[in-house]
Amino acid sequence: MDELNWELVTEPSQIPKVMEDFGRHQLLGFDFETTGLHYMKDQVHGMGLANPDRAWYITMPVLNQLMPWLKDRMHDPRVQSIGHNVKFDLHFLKKLDPTIKPANIVDTMVAQWLVDENERLGLKHVAEARLGMEGLLTFKDLQRITKADKGFKRMDEVTVYDMDLDLLGKYGAMDPWLGVQMWPELYWDLVQESQEQHFFDTEMPFIFVLQRMEETGFYVYTDKLLELRYEWEKRHTELFEQWCDLTKTKGEDSKYPNGRNPNSNPQLAEWFYDILDLPISFRTEGGAPSTKALAIMRLSYVDESGSANLIKEYRKLDKLLSTYVNPFLEKTYNGYIYGSYNHTGAVTGRLSSSDPNLQNIPAHGETGSQVRRVIGAPPGSLFLMIDYSQIELRLAAHYAQVQALMETFAQGGDPHQTTADLVGVVRYIAKNLNFAWFYGAGPRKFCDMVEEKGYPRPSMTDAKRWFWQFGEAYPELMDWKFAVLRAGKRLGHVRTITKRRRHLPELSSFSERDRGRAERQAVNSIIQGSAGDLIKWAMLQIDPILEDYDARMNSQTHDELGFIVPNDAADEFALIAQQKMVAVEEVFDLSVPILAEPILGQTWGDTKES
DNA sequence: CAGCGAGGCGCG
DNA sequence: AAAGCGCGCCTCGCTG
């Protein structure tokens, strides 16, 4: 491996030489160093630039003078603009010049993810594995060094401006250079595995779609959010005080003279199972008595102190406040919440979301609606939500060619009712049987599932019988699973509808546990991963028509897409977007009809009512 | 102070 | 015979 040959660029006079020295190379690595990870709030400190021979770190504001040249290079389709997690850098590239759109981007993180979704995807890890480099500094190392050098008390006090410029510059120049070094080998791997077309035609364009989604954000109705906080905080305090009062233990040597901490599971367990001596119904992975919701629910039937009901309500409010209400208030920036959608977040091919996670916002019950009613579209626009109806069940029916389900879907029927009729159970039992199947759950977990939703717990005898009858009702599902596992074991992977792979070497494990898990993952990954492929395809189709309606896509929650649309364009756009979503039926030649339902409202909560 | 695993829980 | 898929974030309690 060549040594890094790099240069720090801080003076305008150096710019012409950078352009000249870069030459006509067609591999252009780039990577921004910024004041933080917030793509809206944070600022560019400088940019690392690299070709296969050398690298530069160019600081602001001198970097501005390089932008026309950079744009010219990046707009040349023969030039590959290479980065690791390019979406992040696109945000900052746009800040420096809103008109830049690289014609040919390469994301080495996404490439590595396609090659092996199980590998660690951080630049340092990939570089160490692929280039045989070791001891590469991370940004965190830079922070630690700076903290020690300059005597900071805390890590979060250290900013990029405190760092030694030679150290930061070398680091900033190294990153894009590593990308340029890795790419030829990664490309070769993609070709070997026939993934290069998918990489260039789907995954790379998708980065722009995600980038635009992120910069759209969710409009926040801050007043409503503050009201929610006031109301829930009040009740939360009340419950906390009641709990402390109830659970304090008197006596000189008492550990809890002021009450127990309701957020501490060990303290909860001690209270319920030692002090009150109530029966233990579940144990944790580590063998401790569990205080999970279902356990508390059971306790509430026999607990006379009222503490079980107290903790139920406390937990609910605490979750809402600490995970949604307070973080949303803190993260609201210029009236919007900006989260991240992580392209490589899931091994199945789904997206994940973080900072904040916009894919796990409460959806059920009144409190869920209350949270969802604080985010949506700004006044003058509407929030549009379009969700696929039972996409995973439809894919299961398609893959396994399940006659009964194919007929149900063809007639616009209810698949859960079909299961109910065939198995001879009520609908909610059937619905859970359907879910249990593609998660690979057994009778015991199935019973837990039903009980958790507030229905009476079925007997194990009934559950086992229903499982058997389920198999009788859908023999194709059983045959398909068998075929999937046989092929998967032979190849060491399974594939989704777009031929993306999930590697599952453990299908050949001799450990019953490990192999069992891999088998459940194999079946689920085909269904879940293909559903992810379908919505990704739809998003790519919808993206170019957004501007015709001045609409913005702003969210994806696995089987649903969210948009902000001007009032007068809303109905028409909803119809077009819906058509694009259901078009996957023909494009992927599915054996079942695909349905997507659009709903309009001012906020996300309003789209859940009707 | 920083980092981590565990337990718990929100979503699809 | 028994077998829950995929995520991210919160707090606690412990370790270095």
Side-chain angles (χ1 to χ4, degrees), chain A residues 117 140 143-144 147 152-158 260-269 282-296 311-312 315-316 318-327 339-342 344-365 367-368 371-372 387-388 390-393 396 432 435-449 452 460 463-464 467 481 502 504 512-529 531-532 535 555-560 604:
Chain A
E117 75 289 351
K140 210 150 222 121
Q143 282 185 305
R144 265 191 282 264
K147 183 188 164 214
F152 286 105
K153 290 256 190 306
R154 301 159 47 90
M155 286 282 273
D156 53 22
E157 290 174 26
V158 181
R260 285 168 167 73
N261 182 349
N263 291 323
S264 163
N265 296 320
Q267 291 182 37
L268 246 53
F282 294 95
R283 288 193 175 269
T284 67
E285 189 81 12
S290 169
T291 60
K292 65 174 179 173
L294 187 49
I296 303 284
I311 209 69
K312 259 198 268 183
R315 276 228 180 117
K316 173 147 189 157
D318 192 65
K319 180 82 176 178
L320 289 166
L321 286 166
S322 70
T323 308
Y324 305 104
V325 174
N326 288 326
S340 292
Y341 284 99
N342 312 311
T344 58
V347 288
T348 53
R350 272 188 177 180
L351 297 178
S352 78
S353 167
S354 58
D355 306 310
N357 183 347
L358 298 167
Q359 291 180 323
N360 77 340
I361 296 171
H364 309 128
T367 50
V371 174
R372 290 194 172 209
D387 66 299
Y388 278 121
Q390 295 139 339
I391 188 80
E392 293 188 322
L393 216 43
N432 284 298
F435 280 115
W437 180 79
F438 63 71
Y439 292 157
R444 202 179 58 78
K445 281 290 173 187
F446 162 80
C447 291
D448 288 351
M449 269 164 67
E452 270 162 22
M460 278 298 279
K464 283 179 185 168
F467 268 61
K481 177 176 174 175
R502 169 94 193 258
L504 290 163
E512 197 92 9
R513 245 174 88 94
D514 295 348
R515 193 177 65 252
R517 184 188 303 117
E519 290 177 354
R520 296 190 292 277
Q521 289 168 331
V523 170
N524 186 257
S525 292
I526 297 173
I527 308 281
Q528 185 187 119
I535 198 164
S555 59
Q556 188 251 50
T557 316
H558 311 307
D559 63 354
E560 61 184 34
W604 200 347

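The chains referred to below are lettered A, B, ... by the order of the sequence lines, with proteins before strands, and numbering in each begins at 1.
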With sequence neighbours excluded, what pairs up with A:N261 under the side chain to side chain donor-acceptor pair (under 3.5 Å) test? none
When the distance from CG of A:L393 to C1' of B:dG12 is rounded to whole Å, what number comes out? 14 Å
Under the salt bridge (charged side-chain N to carboxylate O under 4.0 Å, His left out) definition, can you give me all pairs with a residue in residues 344-354 of chain A, not counting sequence neighbours? A:R350-A:E392
For B:dC9 and C:dG4, measure between their C1' atoms and round to the nearest Å. 15 Å
With sequence neighbours left out, the residues meeting side chain to side chain donor-acceptor pair (under 3.5 Å) with A:K316 are A:T367
Base, sugar-phosphate, or nothing for A:V523, non-hydrogen atoms under 4.0 angstrom? nothing
Hey, which of these two, A:E512 or A:R520, hits DNA chain C nearer its 5' end, going by closest nucleotide? A:E512
The criterion is side chain to side chain donor-acceptor pair (under 3.5 Å); which residues satisfy it with A:R154, sequence neighbours excluded? A:D156
For A:S340, give me all partners under side-chain contact (heavy atoms from CB on, under 4.5 Å), at least two apart in sequence or on another chain. A:Y39, A:E214, A:N342, A:S354
Using a 3.5 Å distance criterion without hydrogens, assess whether the side chain of A:E117 forms a donor-acceptor pair with backbone atoms of A:A346. no
Interatomic distance where CZ belongs to A:F438 and P belongs to B:dG12 [whole Å]: 13 Å
Listed pairs under 3.5 Å, donor-acceptor, residues 519-527 of chain A side chains, sequence neighbours left out:
from	atom 1	to	atom 2	distance (Å)
A:R520	NH1	A:G516	O	3.4
A:N524	OD1	A:Q528	NE2	3.1
A:N524	ND2	A:F438	O	3.0
A:S525	OG	A:R502	NH1	2.7
A:S525	OG	A:Q521	O	2.7

With pairs taken as Watson-Crick or G-U wobble and both distances under 3.5 angstrom, which stems of at least three consecutive pairs involve DNA chain C? B:1-12 with C:5-16
Taking only residues two or more places apart in sequence or in another chain, which ones pass side-chain contact (heavy atoms from CB on, under 4.5 Å) with A:D318? A:H236, A:N263, A:Y314, A:S322
What range of DNA chain C does chain A touch, first nucleotide to last, counting atoms under 4.0 Å from its heavy atoms? C:dA1 to C:dG13
Among residues at least two apart in sequence or on other chains, which ones pass side-chain contact (heavy atoms from CB on, under 4.5 Å) with A:T284? A:A288, A:S290
Hits for salt bridge (Lys or Arg N to Asp or Glu O under 4.0 Å) against A:R283, two or more places apart or cross-chain, chain-then-number order -> none
Can you check nucleotides 7-10 of chain B for protein contacts, nitrogen or oxygen pairs under 3.5 Å, and list what you find?
from	atom 1	to	atom 2	distance (Å)
B:dG7	OP1	A:T284	OG1	2.9
B:dG7	OP1	A:G286	N	3.1
B:dG8	OP1	A:S290	OG	3.3
B:dG8	OP1	A:T291	N	2.6
B:dG8	OP1	A:T291	OG1	3.1
B:dG8	OP2	A:S290	OG	3.3
B:dC9	OP1	A:A293	N	3.4
B:dC9	OP1	A:R315	NH1	3.0
B:dC9	OP2	A:A293	N	3.0
B:dC9	O2	A:K319	NZ	2.9
B:dG10	O4'	A:Y324	OH	3.4
B:dG10	N2	A:N360	ND2	3.3
B:dG10	N3	A:N360	ND2	2.9

